[in-house]
Structures are given as structure tokens and as C-alpha cells.
Amino acid sequence: MLKDEVRRIEEETLQNLKAVTSLEELQELKVKVLGKKGTFTALLRQMGKLSAEERPVFGQIVNEARDRLEKAWAEQAACLEEAALLKQLESERLDITLPGYSFPRGHQHPLTRVIEEIETIFLGMGFQIVEGPEIETDYYNFEALNLPKDHPAREMQDSFYITEEILLRTQTSPVQIRTMEKLCPQLPVKIIAPGKVYRNDDDATHSPMFHQVEGLVVDRGICMSDLKGTLLNFSRQMFGPAREIRLRPSFFPFTEPSAEVDVSCMLCGGEGCRICKNSGWIEILGSGMVHPRVLEMGGYDPREVSGFAFGMGVERIAMLKYGIDDMRLLFENDMRFLQQF
Amino acid sequence: MKVSLEWLKQLVEIKEKAEDLAETLTRGGIEVGSVENLDKGLEKVVVGEIKELSKHPDADKLWICQVSLGTEMVTIVCGAQNLRIGDKVPVARDGACLPNGMAIKTAPLRGVVSEGMLCSAGELLLDDSLGDPRSEGGILILAPEAPAGQDLAAFLGLQDSVLDLELYPNRPDCLAMVNVAREVSFLSGEKLNLPEWADLEKKPPLPLAQSPAVVIDEPELCWRYAGLIVEDVKIAPSPQWMQRRLRAAGVRPISNIVDITNYCMLELGQPLHAFDHDKISGSIHVRRAYAGEKMLTLDGVERELEPEMLLIADEQQPLALAGVMGGLDSEITEATKRIFIEAAHFAGYSIRRTSRKLGLRSEASNRFEKGVNPYGVVATLNRVCELVVEMGVGRPLALADETRFLPPLLKLDLSAEHTSRLFGVEVTKDEVCRVLDKLAFPYQEKGEDLQVEIPSYRSDLQIEVDLIEEVARSIGYDKIPTTLPRGAQTQGSRTPEQEFRAQLRRVLIRAGLDEVLTYAFIHPESNREWGSLTQTVTIINPLREDLKVMRTSLISGLLDVAARNIARRNTDLSIFEIGNVYLASEQPLVNLPQESPRVAGIAIGKSKRHWLSPVISYDFYYMKGIVDEIAREFGLAFSYEVPPVQDLLHPGRSANIFLQQVPVGYIGEIHPAKGKTRGLERAVIFELDLVQILDNLGTGKRIQSIPKFPAVSRDFAVVVPTETSAAAVMAKIRLLGGKLLQQTDIFDVYTGKPIPDDRKSLAFTLRYQSLERTLTDEEVNSLNAQILLGIQQEFAAEWRK
């Protein structure tokens with residue numbers, strides 16, 4: 001009977017399906033049963049032998065059996081696919097602890113890094129960044145800064161001379177005069193001037209070449225509280241929002257009054273530690289109100305305008321920021337040092 | 001200036017501890033560098049009296065001493081050979097930790113228990129001169145009156161603290177104890193107790209000297225010259241109290257006369273010098289040295305004098321280098337009977353030049369250089385006179401005083417309004433008056449202002465703002481509020497050059513190079529080699545000979561960095577520096593030299609080994625890639641040319657770099673002969689002039705729209721003679737390809753079998769594209785074939801199928 005044959009093939013196929021272990025075998029079995037030359041297809045061809053009454057009944061039986069087979073196939077296929085995926089995932093396991101591709105990356109020198117950081121802070125406060133020559137005339141480096149020849153304060157700085165009148169600048173302050181000369185009578189003058197400076201000195205805390213950032217603000221009505229506010233703002237951005245500053249009277253020939261600026265210790269927060277020598281304060285820069293004679297040298301009338309100026313040592317700030325205890329490390333350029341930045 | 005607290009307390013009331021006073025002064029602008037407690041390490045050292053001395057039974061050189069400490073006896077074993085019974089000596093007791101760091105414990109020495117140690121001056125870091133001459137080389141033998149059992153520090157007056165003032169050059173007045181006392185009173189608010197002699201109006205009650213006459217030949221360099229004549233002089237040691245104070249101030253006691261001159265200088269700031277009056281022949285002249293003149297100074301050295309040096313001379317010969325050092329001939333000795341004590345004003349710059357030139361610096365020259373007060377000259381001699389009498393040194397006889405110039409005493413107007421405006425906080429006239437009272441400056445009302453009389457000792461106060469600073473110091477900088485400048489808004493900005501340098505730095509770091517910073521001064525030889533000798537800027541007074549000239553190239557600094565790292569076994573490195581070179585336009589320099597920014601790099605060794613990435617050798621093509629990266633970033637079209645033969649770079653592995661036909665730098669492998677001598681074999685370098693590049697910066701990127709029609713690629717390889725440059729072939733391809741050839745890249749270079757030895761294979765990939773239509777295969781093939789044919793003809797190339 002054809003009906004029995006359909007059942008036999010269906011049962012046999014369902015049996016075989018369970019034994020199938022791969023998608024390839026599954027496909028093979030499908031061809032064997034449902035393909036053009038498949039056993040099930042062969043049965044269908046015999047339908048012609050049946051009577052007109054029997055045909056629809058048989059047709060229904062065959063269709064139902066085929067539906068069941070297709071469903072079983074789909075289930076088995078899903079099952080096998082999942083197993084195969086699991087197997088693939090298992091075989092594709094990586095050692096995720098190995099390092100990734102290495103992209104070359106250089107390191108910025110700590111001093112240019114600190115200079116850029118200082119520049120960014122003052123750019124935000126509306127300062128122009130200007131520069132001046134490193135090899136200067138005696139006039140700009142000293143005389144115009146209220147340091148006439150034979151002034152004892154010249155002793156504070158041991159200079160490298162090229163000729164009697166030309167020297168390596170000992171400070172970035174000459175840029176104050178050059179800027180005022182250039183901008184006068186424009187107001188306000190609001191600049192910082194980073195750059196190299198030179199003094200005849202070489203030990204753990206002095207380098208014969210080092211870097212300073214000079215600041216100058218000239219306008220009507222500039223007062224000492226503006227100096228204090230500007231430097232507090234700077235110190236908090238540079239060393240952290242909890243920092244305080246204090247001003248101590250000091251002396252620079254080109255400012256009056258002059259002040260040394262201390263910032264509360266970034267290491268201990270002011271409690272006292274090795275870095276701040278237990279004082280809670282660290283000296284970071286020199287500053288003051290621009291001396292009337294210096295304003296005059298720059299072309300401004302000290303009765304009309306006033307100003308403040310400051311100068312900081314970049315090396316000192318870098319040493320504080322990164323905990324460096326010997327300045328010479330900054331110029332030795334040992335790769336083991338530089339590659340930490 | 002070293003300030004003894006014990007001494008200072010005689011002049012001003014002090015309630016604070018030394019450390020607190022130091023803080024008050026520092027906060028007030030007189031920086032105290034350190035506070036030294038003189039009795040440090042002497043806590044358990046007492047005076048002992050040797051009662052018995054016996055030989056140690058088991059050691060030839062040791063003595064067993066029975067020492068009385070007043071109420072008790074101790075046994076101490078001692079190796080010194082200078083002791084006698086009855087000597088008073090310092091005894092370090094069990095638990096003492098001496099100034100030199102030695103810890104003292106009771107312990108047996110060769111079987112005999114020693115309950116402490118007898119000390120030498122050296123072990124206590126004390127001056128030998130404190131004791132009996134027998135102390136030399138052994139135990140310090142104290143004065144016989146030293147009471148056994150007393151703390152040594154108390155006996156020697158060492159229960160004192162010394163503040164070391166680090167004075168700014170504008171405050172030379174504080175090189176005098178009386179002015180330090182004034183400053184302490186001003187800043188602490190405590191009462192000043194200045195004795196009468198501190199009054200600068202005081203004069204010794206003596207007749208004017210008949211001889212020697214004083215002649216000031218150089219009134220510009222010497223405003224005033226005075227002298228005190230003392231007869232019946234008896235040279236002896238000065239009293240202990242004076243010696244103690246001198247020592248605390250860092251001055252070595254010598255004899256009563258010398259000590260008085262030093263002591264009065266410390267009190268009033270006026271340097272003094274004592275001459276043997278009987279060695280002065282005729283009148284005293286203050287004059288410049290004659291050309292070729294010589295003199296024998298106190299230190300026994302014969303000095304060649306120069307006409308700019310100021311001298312004190314008699315009619316025969318120089319007596320002293322003014323303000324710097326006395327002469328040996330007129331020095332006071334044990335035999336001196338009459339002395340002439342000089343007090344003078346000399347111009348600071350003259351003294352500075354002389355002392356620099358001769359390398360002689362002293363407490364006196366230091367004070368002259370910074371400026372002494374000509375008004376205080378005679379008052380100091382009055383004080384000398386007092387002490388001479390008090391100490392029985394001799395009999396003051398007469399006074400000489402020649403005054404050629406006294407600077408006018410200043411009166412300054414001070415306005416409370418100006419003060420407030422400068423501080424940014426309201427300061428009332430009353431507050432300003434209170435400050436002036438504390439300074440003890442006389443003043444009177446002058447309209448809204450105050451007219452202030454500036455005392456002669458405060459030469460630093462020249463204009464109103466100087467007085468405003470005094471007000472600020474007094475009310476405290478802490479009282480100043482914090483504000484920001486209120487004026488017109490300003491835009492922060494960098495110059496294009498600054499932007500360019502910052503961007504260049506980022507490109508190079510991104511490409512894997514480490515940034516270095518080297519000294520701008522280098523060895524002269526380096527400029528000859530890598531830069532320009534004719535444009536070299538030379539330092540007259542370099543730190544060292546190898547830092548004598550300003551660099552004219554960045555390369556030598558980088559070579560030094562590389563060599564130093566390799567010596568330290570950092571063998572692989574790839575570094576750059578951005579910085580100026582300094583080019584003189586004439587010799588000797590008249591105008592400021594040109595400061596020209598450059599970038600340079602050096603690489604040697606290899607990239608780090610990594611399990612995924614191939615190791616890159618730092619060679620010519622690595623460095624050229626870095627330069628290409630710069631070109632790409634800034635839109636620059638560099639061209640390269642084989643340089644003329646030279647001995648710095650490898651002739652086959654170097655190139656000059658051009659931008660718009662202008663030379664802007666070079667690149668190459670260091671010449672093997674050069675590299676070898678510095679251990680820098682196969683190092684590659686480049687240097688670019690940033691000025692030229694800045695002038696030729698691209699005008700910014702223009703973005704092309706994405707083409708609508710597909711591109712077609714064709715690859716081919718050709719075999720060309722080895723010396724044919726890839727750039728030449730590439731240029732020809734581009735020429736022949738015309739508009740449709742969008743891009744040409746070289747993807748392989750091959751030499752070796754089966755290519756003949758004198759030839760190389762270059763493989764190109766060409767991308768054809770039209771913006772208007774889709775290209776047909778026939779079109780592309782035909783164009784490609786034309787190109788191929790063209791280069792075959794031009795370069796004797798062979799198509800490698």
C-alpha cells in the first residue's frame with residue numbers, strides 16, 4: 001500500500017535524521033528523500049496509478065507527512081547550526097592578555113609640555129603670546145628695566161656676554177620693554193612671553209640655560225589685587241582648584257612694589273612636608289607692579305596707566321609638577337627619563 | 001648678614017622665638033635663609049676640671065683622667081697628650097650627640113670604663129682660638145675661670161641663635177645691626193631700644209686733626225673721608241663678649257683694634273680700616289693708581305694696580321686699596337703705638353670693579369659695593385671712640401673729616417589715594433600715618449598728601465611708590481584682595497609661527513619621535529663641522545670651553561644626546577628638537593644675530609620588538625617618511641636632490657631638501673667614517689629651516705567631492721637601470737597618464753635574481769578615473785599600454801610580465 005509506504009519512509013527518515021551530526025549529512029539525507037530522485041518524490045510519482053477518489057486523500061497524507069519531515073529537518077538544522085557555532089566559537093578563542101598592535105608614539109619633553117600648559121591657561125584669560133630675542137642688548141636686558149650699568153642688582157644675575165653691549169638674556173623681562181615699545185599707545189597690553197634664558201650657573205637647582213614665562217599687563221587702573229587675582233587663577237588651573245597663594249614682599253628693579261608668590265603645597269595641601277620644607281608654601285614666581293620708570297621706558301605715562309608683571313621659572317614648575325629633584329635631568333635627555341612623559 | 005639674636009635683643013625688644021621672628025621678617029620682605037642655634041650638639045657638654053691623670057695600664061698612649069664636674073667626679077679615658085692637672089676642658093657626657101655628629105656613650109676602653117669624652121675644638125665645630133694655645137692638636141683647654149659643671153654653651157655664650165638674612169640689593173642698610181633692629185621693630189611692632197651712639201648726628205668730642213691732612217683727589221669716587229687718631233695704643237685680645245658676637249656674625253676675632261673696627265661696622269654698616277699712623281708720611285690722598293704702580297697688600301701679595309683702581313696713599317706710596325684691602329706696610333702690629341682709623345664713603349661701582357679684578361671680597365668691600373651711607377661716617381668713628389675708651393685700647397686724640405659731597409636728603413609726597421589705587425583696596429590716611437610712625441619717619445601734612453622725610457640710611461626710597469611698598473609691607477600683602485583686570489576684553493592668541501611650531505611638535509610626536517631639549521651653546525668644533533664658523537656667535541665668558549659658542553645647527557646637540565644615550569645602553573632612539581640657531585651677520589658682532597627656528601631629528605637602531613608588528617630599522621627611508629609626514633601635515637611639496645659630495649653624510653644615502661627650488665634642509669645617514677668615531681654608526685638625521693617653510697605654508701585644504709564613476713586599477717612592473725630614480729619614472733607615468741590617471745603608487749622595489757645586478761624592478765599601481773563617465777576596459781588598456789611603452793623607451797626599461 002502506498003499509504004504504508006509513506007509512513008515507512010517518514011518513520012525511517014525521522015530515525016535517520018536523529019543520527020545526522022553535520023549540516024552536510026543533513027543536506028545529503030534531504031536529497032535522498034525529498035530530492036528529484038528521492039524516495040519520497042518517487043512515491044509521489046506513483047500517485048498517477050491511483051483513482052480519482054483516492055488521489056486527494058493520498059495527496060493530503062503525503063503533504064502532511066512532508067510538512068512533518070520539513071519541520072523535523074528545520075529543527076535538526078537549527079540544532080546542528082547552534083552546535084557548529086558553539087564549536088566555532090570554542091575554536092576561535094584568543095589569549096586576550098596578549099598586548100594589542102603597537103602604534104608608535106613619541107613623548108613630549110616635560111618643559112615644552114609645561115610651557116604649552118601655561119600658555120593655554122593664559123590664552124584662556126585673554127593674553128597674547130609674544131616672543132623676543134634670546135641674544136639681547138644690554139639696554140633691553142638691563143638698562144630699560146631700571147638696571148643702569150653699575151647697579152648692584154646686576155649682581156643677582158651672572159650673565160654670559162657676547163660683546164660688552166650684547167649678552168644672552170638673563171630673563172624674559174626684556175620682552176616687556178620690546179612689547180610696550182611696539183604696542184604703545186595701545187591699551188591694554190596683556191601678554192605672556194615664554195622662552196629660553198641664560199645665567200652662568202650650574203648645579204642641581206640651576207642650569208646655565210633655562211626657561212621662563214614672563215607676564216605683563218598694562219592698562220588704566222591696574223592694581224595689585226588684579227595681579228593677585230590673575231596669579232591665583234593661574235595657580236589653581238596649574239596646580240589644582242584647592243590651591244591658595246600668598247604674596248611676600250620682595251625686590252626686583254623693574255617692579256615696585258615687588259612680591260614673591262608662594263602657592264600652598266600641592267603635595268601636602270599646606271600641612272607641611274619635605275617638598276615645602278614643612279612651611280606648607282612653595283615659592284613659584286616673582287611679580288610686582290611695573291616700576292614707573294619701566295613704563296616710561298616702554299613709552300607709557302605712569303600717571304595715566306599702571307601695570308603688573310610676573311616671571312616664573314618653567315623648570316621649577318615642571319620639577320614641582322612631576323616630582324623631579326635634579327634640574328640636570330631635564331637637559332640630559334636620557335630616554336629612560338623622557339619616555340615617562 | 002648673620003644676625004645674633006642675643007645682640008639684636010640689646011637694640012630692639014623681641015618676644016618671639018628665633019624661628020617665629022624669622023617668619024615675621026621673611027613675610028615682611030627681609031628673607032631669612034636659615035636660623036642656626038649655636039648650642040646645637042652641645043646639650044650634654046659641660047666644663048670639667050682635670051683632677052688626676054694616670055697612664056692606662058694596657059695602652060701606652062691613653063690617659064685615665066679623673067674629671068670634676070663640680071658636684072661629681074667621672075672617669076674618662078683620653079688619647080690626647082696636651083692635658084695637665086687643673087686644666088678646664090669640655091666633657092661630652094653619656095648620651096651627647098656632638099655638632100660633628102659623633103654620639104657619646106659610656107663604654108670600656110681597653111678594660112677601663114670611660115664615662116664620656118673630652119673634646120677638641122674640631123669635634124665641637126668651635127674655633128681653635130677659643131682656648132689656650134696648648135689646645136692645638138689636642139683637647140680644647142678652656143680659660144682657667146671656667147666653672148666646672150657649667151654647660152659649655154652657657155660658658156661660651158653660645159645659647160644664642162643666628163639668623164642668616166638673605167638681603168636683596170636694595171636693602172644694604174640691613175647690613176647694619178641698628179637698621180636690622182629698626183626693621184624688626186617696624187615689622188613686629190616691638191619697641192626699639194637704640195643707644196645714643198646710633199644717632200647719625202653724633203660726633204666724637206675731639207679736636208680736628210692737624211695731621212695727616214686728607215686730600216680727596218677723586219671726589220666722584222670718594223664723597224667723604226674721615227679718620228680717628230688714637231695714641232698710646234695697647235694691642236691685646238678683645239673682651240669675650242665682643243669676640244662671641246663677632247664669631248656669631250661670622251667674623252674671626254683678631255685683636256682689640258681690628259675687632260672694634262669690625263664690630264662697629266656690624267653695628268652701623270660703615271666699614272673701617274686701621275692704619276699704623278707712624279707709617280703714614282705726610283698727607284693722605286684718595287687717588288687713582290698710577291699706571292704701572294704696585295703695592296704689597298695685607299695678604300703678602302704684590303699687586304699690579306690699574307689706573308681705574310682707587311687708592312689711599314700717603315706722599316710716598318699706596319697705603320690701601322680703597323675699600324678692598326689694606327697694605328702690608330701700614331698694617332698695625334704688636335708694636336703699633338698710634339693708629340689712624342679710616343671711615344669713608346667710596347663709590348660702589350669702583351670698589352666692585354677693583355674687588356672683581358683682584359678676586360678680593362670682604363665684609364667691607366661687600367658693603368661699599370652695595371652703598372654705604374656718607375652721613376654715617378663720623379657717627380661710626382664716634383662709636384669707635386667710645387669703645388676705644390671703654391676697653392682701654394688707647395687715647396683718642398683727634399678727628400679728620402673731609403667731605404666733598406653729601407646727597408640731598410629726600411622729601412617724598414605720599415598719598416593715601418595713590419596707595420589705595422595701587423593696592424586695589426581702601427587705605428586711609430590714618431593707616432598710612434601709622435605706618436610712617438612705625439618707621440619713625442618724620443612727616444607733615446601737605447594738602448591731602450603727606451610729605452615724608454626719608455632718613456639718610458634708607459637710600460632705597462626714591463619715589464612715592466617706594467613708600468607705598470613700605471605701607472604694603474606693614475599692612476601685609478595678605479590684606480590685598482583678589483580681582484581680575486577690568487579693562488577691555490582681549491582675545492588670547494598665538495602668532496602663526498608659534499602655532500606652526502606647536503603643530504609640528506604634535507606631528508613628530510604622533511610619528512613616534514621623542515622630543516629633546518639641548519643647550520643652545522655648544523663646542524666651537526661642532527659649528528665648524530655641522531654649522532657655520534663665519535656666522536658663529538661666541539660667548540666671552542662661557543661656563544665651560546665646550547659650551548663656548550651659540551649653535552648654528554641643531555645637529556651636534558642631537559648627536560651628543562644620541563651618543564650619551566648609547567653610552568648608557570639606550571641603544572635605540574628616534575628624537576627631534578625644535579629650537580633656534582643663532583647666526584651672526586658680522587664679526588665681531590655689532591647687531592643682534594639672526595635667531596632662526598629649525599627642526600632636526602636623529603634616529604639610530606630599531607623600533608621596539610613586538611609580537612604582531614615587524615621591527616622597523618631606523619634608516620634613510622624611515623627618516624624620509626618622517627619628513628614626508630611633515631610635508632603631508634602642512635601641504636608642502638618637498639623635492640630631493642642628491643647632494644654634492646661631502647664628508648658628513650653618506651654620499652649614497654643623503655639628500656638635500658628643496659621647497660619651491662629653495663634649499664630648506666637635508667636628510668641622510670651619517671658618513672660611516674664620522675659615525676664610527678662617536679659610536680653612531682648608521683644614524684640618520686634631518687634638519688629643516690622653519691623660516692623657509694613658514695613662508696611657503698599651504699593655504700589650507702580644499703576638499704574634492706567623491707567621484708560618481710568607478711575607478712579602474714592596473715598594475716605593472718618594469719626593470720630599469722639601478723641608477724634610474726623612482727621619482728623620474730613616476731613623473732613620466734604622470735605625464736603620459738594625463739587627466740585620467742588619478743593616482744600612481746609604487747608598491748614594490750626588487751633587486752636580485754632573476755633581475756641582472758645592474759638593474760632593479762619597480763612595480764606600480766595606477767588608478768584611472770574620469771569625473772564625467774565610466775571608463776571602458778579598452779580605453780584603460782590602451783592608455784596603460786601607451787604609458788608602459790613610453791617608459792620603456794625613456795628609461796631603457798623592460799616590462800616585467
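In the text below, chain A, chain B and the rest are named by the order of the sequence lines, each starting its count at 1. None of the values given here were measured: they were computed from a predicted structure.
Between A/Asp219 and B/Gly487, the shortest heavy-atom distance links the atoms OD2-CA, 3.6 Å. Among all heavy-atom pairs drawn from B/Leu612 and A/Pro99, the shortest one is CD1-O, 4.2 Å. Of all heavy-atom pairs spanning A/Asn200 and B/Asn541, the tightest one is ND2-O, 3.3 Å. In terms of heavy-atom proximity, A/Gln128 sits nearest to B/Ser493 at CG-OG, 3.3 Å. Here the closest heavy-atom approach between residue B/Glu469 and residue A/Pro257 is recorded as OE2-CA, 3.3 Å. Here the closest heavy-atom approach between residue B/Ser613 and residue A/Ser102 is recorded as OG-N, 3.9 Å.
Both the backbone and the side chain of A/Ile162 have a heavy atom closer than 4.5 Å to some heavy atom of chain B. The part of B/Ala511 that comes within reach of chain A is its backbone (N, CA, C, O), which places non-hydrogen atoms under 4.5 angstrom from that chain. For A/Leu187, no part sits under 4.5 Å from any heavy atom of chain B, backbone or side chain. Only the side chain of A/Leu232 comes within contact range of chain B, with at least one heavy atom under 4.5 Å from a heavy atom of that chain. Only the backbone of B/Asn591 comes within contact range of chain A, judged by heavy atoms closer than 4.5 Å. For B/Leu508, no part lies under 4.5 angstrom from a heavy atom of chain A. Only the side chain of A/Pro292 comes within less than 4.5 Å of a heavy atom of chain B; its backbone N, CA, C and O stay farther away. For chain B, the nearby parts of A/Ser258 are the backbone and the side chain; heavy atoms of each come within less than 4.5 Å. Contact of A/Tyr198 with chain B is made through the side chain alone, with heavy-atom distances under 4.5 Å. Contacts of A/Glu260 with chain B are made by side-chain atoms alone, with heavy-atom separations under 4.5 Å and no backbone atom involved. Both the backbone and the side chain of B/Asp478 come within less than 4.5 Å of a heavy atom in chain A. Contact of B/Arg501 with chain A is made through the side chain alone, with heavy-atom distances under 4.5 Å. Residue contact with chain B, scored on non-hydrogen atoms closer than 4.5 Å, is absent for A/Glu165. For A/Asp262, no part sits under 4.5 Å from any heavy atom of chain B, backbone or side chain. For a residue to count as touching a neighbouring chain, one of its non-hydrogen atoms must lie under 4.5 Å from one of that chain's; by this rule B/Thr26 touches chain A with backbone and side chain alike. Contacts between A/Met289 and chain B at a heavy-atom distance below 4.5 Å involve the side chain alone, from C-beta outward. With a 4.5 angstrom heavy-atom cutoff, B/Glu470 does not touch chain A via any of its atoms. Interface remark: A/Lys149 contributes no atoms to any contact with chain B (heavy atom separation under 4.5 Å). At a 4.5 Å heavy-atom cutoff, the contact between B/Pro542 and chain A is made by backbone atoms alone. In this structure, no portion of A/Pro302 lies under 4.5 Å from any heavy atom of chain B. Heavy atoms of B/Glu31 lying under 4.5 Å from chain A belong exclusively to its side chain. Of the two parts of B/Pro485, the backbone and the side chain both hold a non-hydrogen atom closer than 4.5 Å to a non-hydrogen atom of chain A.
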Assess the residue pair B/Gln498 and A/Glu119 against the criterion (side-chain contact (heavy atoms from CB on, under 4.5 Å)); give the C-alpha distance rounded to whole Å, side-chain angles, the decisive distance to 0.1 Å, and a yes or no.
CA-CA 11 Å; B/Gln498 289 163 352; A/Glu119 287 176 355; 5.7 Å; no
Run the numbers on B/Leu517 and A/Lys196 for side-chain contact (heavy atoms from CB on, under 4.5 Å), then give the verdict.
CA-CA 11 Å; B/Leu517 263 178; A/Lys196 291 188 170 84; 4.2 Å; yes
Report the C-alpha distance between A/Glu116 and B/Arg506 in whole Å, list the side-chain angles of each, state the deciding distance to 0.1 Å, and finish with yes or no for salt bridge (charged side-chain N to carboxylate O under 4.0 Å, His left out).
CA-CA 12 Å; A/Glu116 280 185 9; B/Arg506 283 195 295 275; 5.2 Å; no
Starting from the C-alpha separation in whole Å, work towards a yes-or-no answer on side-chain contact (heavy atoms from CB on, under 4.5 Å) for B/Arg568 and A/Met335.
CA-CA 10 Å; B/Arg568 294 176 178 184; A/Met335 289 302 126; over 6 Å; no
Kindly determine whether B/Gln462 and A/Glu256 satisfy side-chain contact (heavy atoms from CB on, under 4.5 Å), including the steps that lead there.
CA-CA 11 Å; B/Gln462 294 284 335; A/Glu256 187 76 25; over 6 Å; no
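For the atom pair CD1 (A/Ile135) and OH (B/Tyr582), the distance works out to 6.5 Å, reported to the nearest 0.5 Å. Going from atom CG of A/Leu123 over to atom CD of B/Gln491 covers 9.0 Å, rounded to the nearest 0.5 Å. The NE2 atom of A/His107 lies 13.5 Å from the CD1 atom of B/Ile575; values are rounded to the nearest 0.5 Å. Taken to the nearest 0.5 Å, the CZ atom of A/Phe103 stands 9.5 Å off from the NE2 atom of B/His610. A distance of 6.5 Å separates OG1 in A/Thr163 from CD1 in B/Ile540, rounded to the nearest 0.5 Å. We find the CD1-CD1 distance between B/Ile539 and A/Ile166 to be 13.0 Å, quoted to the nearest 0.5 Å.
With chain B as the partner, the residue from A/Pro133, A/Ser207, A/Gly124, A/Ser306 showing the most heavy-atom pairs under 4.5 Å is A/Pro133. Of the listed residues A/Phe341, A/Phe160, A/Phe127, A/Phe122, the one with more heavy-atom pairs under 4.5 angstrom with chain B than any other is A/Phe160. Between chain B and the residues A/His291, A/Glu136, A/Arg293, A/Glu131, the most heavy-atom pairs under 4.5 angstrom are made by A/Glu131. Considering only heavy-atom pairs separated by less than 4.5 Å from chain B, the leading option among A/Arg220, A/Glu134, A/Lys190, A/Gln339 is A/Glu134. With chain B as the partner, the residue from A/Gly221, A/Pro110, A/Gly229 showing the most heavy-atom pairs under 4.5 Å is A/Gly229. Contact count versus chain B (heavy atoms, under 4.5 Å) is highest, among A/Leu168, A/Leu231, A/Val130, A/Leu227, for A/Leu168.
At distances below 3.5 Å, not a single donor-acceptor pair connects side-chain atoms of A/Asn333 with backbone N or O atoms of B/Val561. Proximity of a side-chain donor or acceptor of A/Gln108 to a complementary backbone N or O of B/Glu515 within less than 3.5 Å is not detected. Not a single donor-acceptor pair under 3.5 Å links the side chain of A/Asp226 to the backbone N or O of B/Arg486. Of the possible polar contacts, one joining the A/Lys228 side chain to the B/Ile480 backbone as a donor-acceptor pair under 3.5 Å is found. Between the side chain of A/His109 and the main chain of B/Asp514, no donor-acceptor pair closer than 3.5 Å is present. Formation of a donor-acceptor pair under 3.5 Å by the B/Asn170 side chain with backbone atoms of A/Pro253 is not found in this model.
Side-chain atoms of A/Ser250 and B/Tyr168 include a donor-acceptor pair closer than 3.5 Å.
In this structure, B/Leu484 and A/Thr230 have side chains that are in contact, with non-hydrogen atoms separated by less than 4.5 Å.
Ring geometry, B/Tyr519 versus A/Phe331: the interplanar angle falls from 30° to 60°, so the pair is classed tilted.
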